[in-house]
Amino acid sequence: MRIITLNEFIIERQADFPYAKGELTRLLSHIGIAAKVVNRAVNKAGLVDILGEIQEFNSTGEQQKKLDVFANEKFINALMASGECCGIASEENDSIVSFDSDLVNDGKYVVAMDPLDGSSNIDVNVSIGTVFAIYRRVSPKGHKALMEDFLQEGTKQVAAGYIIYGSSTMMVYTTGRGVNGFTLDPSIGEFCLSHPNIEMPQSGIIYSINEGNYLKFPLGVKKYIKYCQEIDKQTNRPYTFRYIGSLVADFHRNLLKGGIYIYPETASNPKGKLRLLYECNPIAFLAEQAGGIATDGRANRILDIKPESLHQKAPFFVGSRRMVMQAEEFMSLTSDKREAEAPRNT
Ligand code: AHG
Ligand code: MN
Ligand code: MN
């Protein structure tokens, strides 16, 4: 079988967009390059203690940097170098980063990203990821990027994807024409097409939610969890529970096998935990492109939410179409919108 590298594939697909001039192609290629650099650092993360500061961690002669800060810098540098991206919103930066140089001010794209997702898993050698969403800027070219370029609905995404640093490293992305996955072959240092046209099963048997927060969940979620645990041969229940604690890894598994991921609202966090711009939106775009759906658990499509601030959160229900719709039904049947934070100790 002929090997198709990520770059070959991106260039081939440029023809899907008759007016494309190669800008998005260049941008995606640069994301692929940064992914390889970050992958190398992730692979060496466990060696930090015995080897001291790893070179890349120490480029400025400072103390060892946290891997998420390192990943942030690498992705920002790569996107800036592409010349096609005029600014970035990142989990690691309080405000937007506008590049503001003559070269990049002409870039017509902005990128929102979580450079390292699932960072609590780094120290224990468990899968982590990078998530990105690409938008066409709405402010005029030739000037620096503005906040309004980032506060666009998820439906406006031009492309989105993630890199998963797992038992192998993969990049999965969409430009709105289906979802394709590429596995990094370390022997040649290239991402190779391994999962063409990924389609998410319409239903599955996996549910992923942090059940440690059970007492804080809305009643509809509690009832849905009980539904998942009930025995019913016809619907393949009880379902299997799997939760890694890296959205990228949990979603990736459910994307391939079928399943649902939920991070709901709680009384103390009425918008949940996940960030709309660079966690929910790109994952929702991928889910929809693969035949799944993503909502906030209150019958609102994630991609339709108009963002009001950069780091805004949203409750997140994503995965196989029939499973998310079932969870939505449980949410709509419960009259009390949200249960009390936790039962009082009496
Ligand atoms: P990050 O590491 O970028 O801060 O994101 C962690 C997120 C997400 O990846 C994961 O699904 C979720 O937080 C896990 O949260 P809990 O530990 O509350 O379950
Ligand atoms: Mn994250
Ligand atoms: Mn992060």
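Atoms within a ligand are numbered from 1 in the order they appear, just like the ligands themselves. Bear in mind the structure is a predicted one, so any value in this text is a computation, not a measurement.
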_I need the atoms of ligand 1 closer than 4.0 Å to a non-hydrogen atom of E279, numbered in the order shown._
3 (O), 5 (O)
*Which protein non-hydrogen atom lies closest to atom 9 (O) of ligand 1, naming both residue and atom, and how far is it?*
D117 OD1, 2.6 Å
*Could you tell me which atoms of ligand 1, counted from 1 in the order shown, lie closer than 4.0 angstrom to a heavy atom of K273?*
12 (C), 13 (O), 14 (C), 15 (O), 16 (P), 17 (O), 18 (O)
*asked:* When you measure from the centre of the six-membered ring of F99, is the NZ or CZ of K144 closer than 6.0 Å and no more than 45° off the axis?
replied: no
*Write out the residue and atom name of the closest protein heavy atom to atom 19 (O) of ligand 1, then the distance separating them to 0.1 Å.*
Y243 OH, 2.5 Å
*Taking only heavy atoms of S246, which atoms of ligand 1 are found under 4.0 Å from at least one of them?*
9 (O), 11 (O)
*D114: numbered ligand 1 atoms lying under 4.0 Å from its heavy atoms*: 3 (O)
*asked:* I'd like to know: is the Mn ion (ligand 2) within the 2.8 Å range of an N/O/S atom from E91, strictly under that distance?
replied: no
_Which of the numbered atoms in ligand 1 are under 4.0 angstrom from any heavy atom belonging to L116?_
2 (O), 3 (O)
*Are side-chain N/O atoms of N72 and S90 paired as donor and acceptor at under 3.5 Å?*
yes
*Decide yes or no on ring-ring contact (aromatic ring centres under 6.0 Å, His included) for Y227 and F330, but give the supporting numbers first.*
CA-CA 9 Å; Y227 169 85; F330 276 97; 5.3 Å; yes
*Aromatic ring proximity, centroids under 6.0 angstrom, F251 and Y261*: no
*Can you tell me which residue and heavy atom of the protein come closest to atom 1 (P) of ligand 1, and the distance to 0.1 Å?*
G118 N, 3.6 Å
_Working for ring-ring contact (aromatic ring centres under 6.0 Å, His included), residues F9 and F182_ = CA-CA 10 Å; F9 186 87; F182 302 79; 5.1 Å; yes
*Look only at the side chain of E328 and the backbone of V324, and say whether a donor-acceptor pair between them is shorter than 3.5 Å.*
no
_salt bridge (charged side-chain N to carboxylate O under 4.0 Å, His left out) partner of E265, the single match among K271, K313, R298_ = R298
_Distance under 4.0 Å to a non-hydrogen atom of E91: what atoms of ligand 1 satisfy this?_
1 (P), 3 (O), 4 (O)
*asked:* Within a 6.0 Å radius of atom NZ on K36, are there more than 12 heavy atoms belonging to other residues, nucleotides or ligands?
replied: yes
*Examine D117 and say whether one of its N/O/S atoms is closer to the Mn ion (ligand 3) than 2.8 Å.*
no
*Under the ring-ring contact (aromatic ring centres under 6.0 Å, His included) criterion, do H30 and F75 qualify, and how do the steps go?*
CA-CA 8 Å; H30 276 78; F75 276 99; over 10 Å; no
*Is ligand 1 under 4.0 Å from a heavy atom in the side chain of N210, in the backbone, in both, or in neither?*
side chain
_Suppose we only count N/O/S atoms under 2.8 Å; would P115 qualify as near the Mn ion (ligand 3)?_
no
*Number the atoms of ligand 1 from 1 as they appear, then name those within less than 4.0 Å of a heavy atom of Y261, with their elements.*
10 (C), 11 (O)
*Tell me: protein heavy atom nearest atom 10 (C) of ligand 1, and distance?*
G245 O, 3.3 Å
*Any idea which N/O/S atom from D114 gets closest to the Mn ion (ligand 3)?*
OD1
*Between S119 and ligand 1, which part of the residue brings a heavy atom under 4.0 Å of the ligand: side chain, backbone, both or neither?*
both
